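Data block below; observations after.
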There are 2 protein chains.
Amino acid sequence: MQKLSVNNFSYLSSKTLTLKIVETLKLHHLKATPQRLVIMQVLSESAVHPTAEQLFEQVQATHPTISLGTIYKTLETLHEAGLAQKVHVADSAQRWDANIHPHHHIFCSDTGEIVDFEDEELDRLINNYFLKKNISNFTPGQIQLQLNGVKINPNQPIKYHGH
Amino acid sequence: MQKLSVNNFSYLSSKTLTLKIVETLKLHHLKATPQRLVIMQVLSESAVHPTAEQLFEQVQATHPTISLGTIYKTLETLHEAGLAQKVHVADSAQRWDANIHPHHHIFCSDTGEIVDFEDEELDRLINNYFLKKNISNFTPGQIQLQLNGVKINPNQPIKYHGH
DNA sequence: GTGGCTGCAAAGTCTTTGCACGAGT
DNA sequence: ACTCGTGCAAAGACTTTGCAGCCAC
């Protein structure tokens with residue numbers, strides 16, 4: 001089945017994004033409920049890799065009746081459908097990423113900030129390496145790299161060449 | 001301060017390992033209590049990257065009076081001293097690793113198994129890459145790679161060239 | 001109409017905390 | 001002796017679950 005990433009459409013207007021989300025949900029045989037639409041939209045427009053709780057707070061601003069339980073269930077459902085990724089970092093509740101394209105993470109241990117890092121050259125490098133390296137009794141899948149460190153100026157964003 | 005990894009001494013007899021652990025603790029100005037000795041010994045001899053609970057069960061076999069709370073506190077203390085690493089994987093409580101040498105992880109999403117992966121060539125490759133790549137407003141530290149996948153034969157261990 | 005989804009609240013799991021006592025230095 | 005560490009139990013944080021009613025299809 002074709003997989004559509006929710007947040008590869010950030011150039012779209014909010015209305016068009018909603019349509020795209022509806023389409024994506026239907027492709028995965030999931031009902032396009034208003035709750036799911038909001039949650040997916042907020043997650044896909046977020047840059048912070050939010051926790052369920054953070055997502056809940058943001059969603060509440062416009063949809064105060066959506067419950068925290070629904071956020072949890074929806075995120076798990078999206079994950080099972082391959083529409084959201086879990087991100088695991090130190091000393092934090094489960095965090096979420098709408099970017100389902102294989103990618104890496106830069107993690108600031110001071111602020112807890114996570115920045116997506118995507119680079120073909122790096123992927124080629126690592127993939128070539130593991131092709132040479134024989135790992136027996138194991139079928140490799142996604143490779144995820146995490147670059148830990150600290151921000152120099154906490155008020156400025158982390159950037160990298162290619163952004 | 002010199003940092004000693006607890007589990008770099010697996011070739012040592014149990015008695016010598018204990019002495020090494022005492023020495024390591026004192027180096028870090030931590031009291032060498034029997035509880036800490038057992039916990040460090042069990043962790044350093046474990047291959048499964050155990051959770052606090054799993055460690056507790058193993059410790060109980062020989063030291064039934066050590067409490068779970070002490071396991072948690074001890075692990076956190078060891079972590080702060082740089083003597084134990086946290087390992088974050090999907091759908092699991094916090095897991096622990098006595099190997100504090102920078103290294104990577106192979107993770108089987110079927111069995112939850114984690115295998116340490118250490119290779120100089122890979123580290124050189126990645127470090128060179130990030131030296132070229134300019135990431136601004138960020139002081140990079142440890143790079144951790146996780147190779148996700150599934151075991152082919154669940155009853156056999158995962159191995160790789162160089163093991 | 002029906003099956004899947006939601007809201008609610010309760011329960012479950014994992015982890016931290018406070019405190020009095022005990023032990024290592 | 002003094003300070004740090006431990007055991008215990010309670011509390012806290014995070015997440016899942018059960019179920020009745022509702023809504024997208």
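The chains referred to below are lettered A, B, ... by the order of the sequence lines, with proteins before strands, and numbering in each begins at 1. Being a predicted model, the structure only gives us computed values, none of them experimental. Below, each value reflects all heavy atoms present in this structure, side chains not excepted, and no hydrogens, waters or symmetry copies.
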| query | A:Arg95 has an atom CZ; how far is it from atom P of D:dC14, in whole Å? | reply | 12 Å
| B:His29 NE2 to D:dG5 P: how many Å, rounded? | 12 Å
| remark: Of the candidates D:dG7, C:dC14, D:dG5, the side chain of B:Arg36 sits closest to D:dG5
| task | Could you state the atom-to-atom distance from CD1 of A:Ile66 to P of D:dC22 in whole Å? | result | 18 Å
| query | A:His88 has an atom NE2; how far is it from atom P of D:dT15, in whole Å? | reply | 10 Å
| If only side-chain N and O atoms of A:Lys26 are considered, is one of them under 4.0 Å from the OP1 or OP2 phosphate oxygen of D:dC25? | yes
| Spacing between B:Gln35 atom CD and C:dG22 atom C1', to the nearest angstrom | 10 Å
| Rounded to whole angstroms, how far apart are CG on B:Leu30 and P on D:dG5? | 6 Å
| When we call it a touch if two heavy atoms are under 4.0 Å apart, what does B:Thr77 touch: a base, just sugar-phosphate, or nothing? | nothing
| field | DNA chain C: 5'-proximal contact among B:Gln94 and B:Thr33 (nearest heavy atom) | value | B:Gln94
| query | Is any NZ, NE, NH1 or NH2 atom of the basic residue among B:Lys133 and A:Asp119 found under 4.0 Å from an Asp or Glu carboxylate oxygen of the other? | reply | yes
| task | Identify, between B:Ala32 and A:Asp91, the residue whose nearest nucleotide on DNA chain C lies closer to the 5' end. | result | A:Asp91
| remark: Quick note, B:Thr74 side chain, CB onward, closest among D:dT6, D:dA24, C:dC8 is D:dT6
| Below 6.0 angstrom between ring centroids: does that apply to A:Phe107 and A:Phe117? | no
| remark: Test side chain to side chain contact (heavy atoms under 4.5 Å, CB included), reference B:Trp96, set B:Gln85, B:His49, B:Lys86, output is B:Lys86
| request: Figure out the CD1/P separation between A:Ile39 and C:dC5, and round it to whole Å. | output: 12 Å
| said: To the closest 0.5 Å, what do you measure between CG (B:Leu55) and CG (B:Leu43)? | reply: 5.5 Å
| query | Any donor-acceptor pair under 3.5 Å between the side chain of A:Lys73 and the base of C:dG4? | reply | no
| message | Taking the minimum atom-to-atom distance to the side chain of B:Glu76, which one of D:dC8, C:dT16, C:dC8 wins? | response | C:dT16
| message | Count I, L, V, M, F, W, Y as connected when their side-chain heavy atoms are under 4.5 Å apart, and connections chain through other members. Are B:Val38 and B:Val48 then in the same cluster? | response | no
| said: What contact category does A:Thr65 fall into here, base, sugar-phosphate, or nothing, at under 4.0 angstrom with non-hydrogen atoms? | reply: sugar-phosphate
| Quick one: is B:Ser67 getting a side-chain N or O under 4.0 Å of the D:dC8 phosphate, OP1 or OP2? | no
| With sugar-phosphate meaning primed atoms plus P, OP1 and OP2, does B:Glu53 contact a base, only sugar-phosphate, or nothing at under 4.0 Å between heavy atoms? | nothing
| note | Atom CH2 of B:Trp96 and atom P of C:dC14 are separated, to the nearest Å, by 15 Å
| said: I want to confirm an ordering. Mapping B:Lys31 and B:Ile71 to their closest nucleotides on DNA chain D, which one lands closer to the 5' end? | reply: B:Lys31
| query | Should A:Tyr72 be listed as having a side-chain N or O under 4.0 Å from OP1 or OP2 of D:dT15? | reply | yes
| message | Apply salt bridge (charged side-chain N to carboxylate O under 4.0 Å, His left out) to residues A:Glu121 and B:Lys132 and explain how you reach the verdict. | response | CA-CA 11 Å; A:Glu121 186 193 343; B:Lys132 283 191 307 177; 2.8 Å; yes
| Closest-nucleotide 5' rank along DNA chain D - winner of A:Val22 and B:Gly69 | B:Gly69
